[in-house]
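Within every chain, numbering begins at 1; the chains are lettered A, B, ... in the order of the sequence lines, protein sequences first and strands thereafter. Scope of the values below: all heavy atoms of this structure, side chains included, with no hydrogens, waters or symmetry mates. A quick note: this is a predicted structure, and the numbers were derived from the prediction, not measured.
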Number of protein chains: 2
Amino acid sequence: MSNNREKNIEKFAEMFKALSNPNRLKIFLRLISCCVPGVITHIKDSVESEECACVGDLGKDLGIVPSTISHYIKELRQAGLINMERQGQKVECSIAPETLIALKSFFSS
Amino acid sequence: MSNNREKNIEKFAEMFKALSNPNRLKIFLRLISCCVPGVITHIKDSVESEECACVGDLGKDLGIVPSTISHYIKELRQAGLINMERQGQKVECSIAPETLIALKSFFSS
DNA sequence: TCGATTATTCGACATAATTCGAAATATAAT
DNA sequence: ATTATATTTCGAATTATGTCGAATAATCGA
């Protein structure tokens, strides 16, 4: 139905809005390079390797205060681009694999 | 150089911003389906077929006033997503093929 | 040249986004 | 229990976006 297509357009527009801020885009790209479920994880600069990136990690590199990072990440999640899961004190973030697939095919279909 | 990558991120963020409005996204998708240079053109509903879509055509379907459409299209062009060319009274719009290629590969690289 | 068609620019207003610091909440460690 | 760490929420200020109508400009045909 055409209504469905309408809804998809709204949804993709929402995703693109979430990615329209350079810092949010950087966060998203970083998660793509290290935190796609089912993909070998990235070894960090430090002595330790990490499975995934928590909210604080994502902010450190970008020099952004925690409240702003938290807000960014919420927007990425609301757009369906990432998943979040509390792990103790931290909240781990990862790419939403099905959304990434949808984006991959969006411009090719 | 890393500066280059920075610049690319800014550029892609700009593209996503242009596509973050549902009406602009619809315009972009319509142009993809009919006005990519070097691709067989789409046959319209009317008796006549058209090579490409002019600014006015793009607005008619969406029920948006000309000034707004003109504004939208300017944003898409400034983001590098489309090309425009005056053809008599009308201004024909088409997809910028190299940008489309860049977008296709963005989520896959 | 005049009028019709098409597109752009301008000015205005309402709505939304950006971003921060402060305060609040959740969890872990001592 | 208290403290430290990580994150979220809230309130506020600034800036940007969306959208329109009116005015302006470009081009074609009679």
In whole angstrom, what separates [X]'s [atom1] from [N]'s [atom2]?
X     : N      : atom1 : atom2 : answer
B:E85 : C:dA7  : CD    : P     : 14 Å
B:I64 : D:dG21 : CD1   : C1'   : 15 Å
B:K74 : C:dT9  : NZ    : C1'   : 7 Å
B:D57 : C:dA7  : CG    : P     : 7 Å
A:L76 : C:dA17 : CG    : C1'   : 14 Å
A:E14 : C:dA17 : CD    : P     : 10 Å
B:I69 : D:dG21 : CD1   : P     : 14 Å

Item to complete: Could you pull out all residues at least two apart from A:Q89 that satisfy side-chain contact (heavy atoms from CB on, under 4.5 Å)?
Response: none
Worksheet, complete the sentence: Residues passing the side-chain contact (heavy atoms from CB on, under 4.5 Å) test with A:A102, sequence neighbours excluded, are A:F12
Worksheet, complete the sentence: Residues A:V55 and A:C93: closest non-hydrogen pair is CG2-SG, 4.0 Å
Protein and nucleotides 22-30 of chain D: nitrogen or oxygen contacts under 3.5 angstrom:
unit_1 : atom_1 : unit_2 : atom_2 : d
D:dT27 : O2     : B:Q89  : NE2    : 3.4

Item to complete: Tell me, please, which residues at least two apart from A:F28 pass ring pair (Phe, Tyr, Trp, His ring centres under 6.0 Å).
Response: none
Discussion item. Across nucleotides 13-19 of chain D, 5' to 3', mark each nucleotide with B, S or - according to how protein heavy atoms within less than 4.0 Å reach it.
Written reply: ----SSB
Response to the item:
The nucleotide from D:dT9, C:dT8, C:dT9 with an atom nearest the side chain of B:M84 is C:dT8
Discussion item. Closer than 4.0 angstrom, basic N to acidic O: yes or no for A:E14 and A:K17?
Written reply: no
Item to complete: Run the numbers on A:F16 and B:F106 for ring pair (Phe, Tyr, Trp, His ring centres under 6.0 Å), then give the verdict.
Response: CA-CA 13 Å; A:F16 294 139; B:F106 183 80; over 10 Å; no
Item to complete: Taking atom NZ of A:K104 as the centre, report whether more than 12 heavy atoms of other residues, nucleotides or ligands fall under 6.0 Å from it.
Response: yes
Practice prompt. With sequence neighbours left out, write down each residue that passes salt bridge (Lys or Arg N to Asp or Glu O under 4.0 Å) with B:K60, or none if nothing qualifies.
Written response: B:D57
Practice prompt. Determine whether A:I69 and A:V65 make a side-chain contact, defined as any pair of heavy atoms from C-beta on separated by less than 4.5 Å.
Written response: no
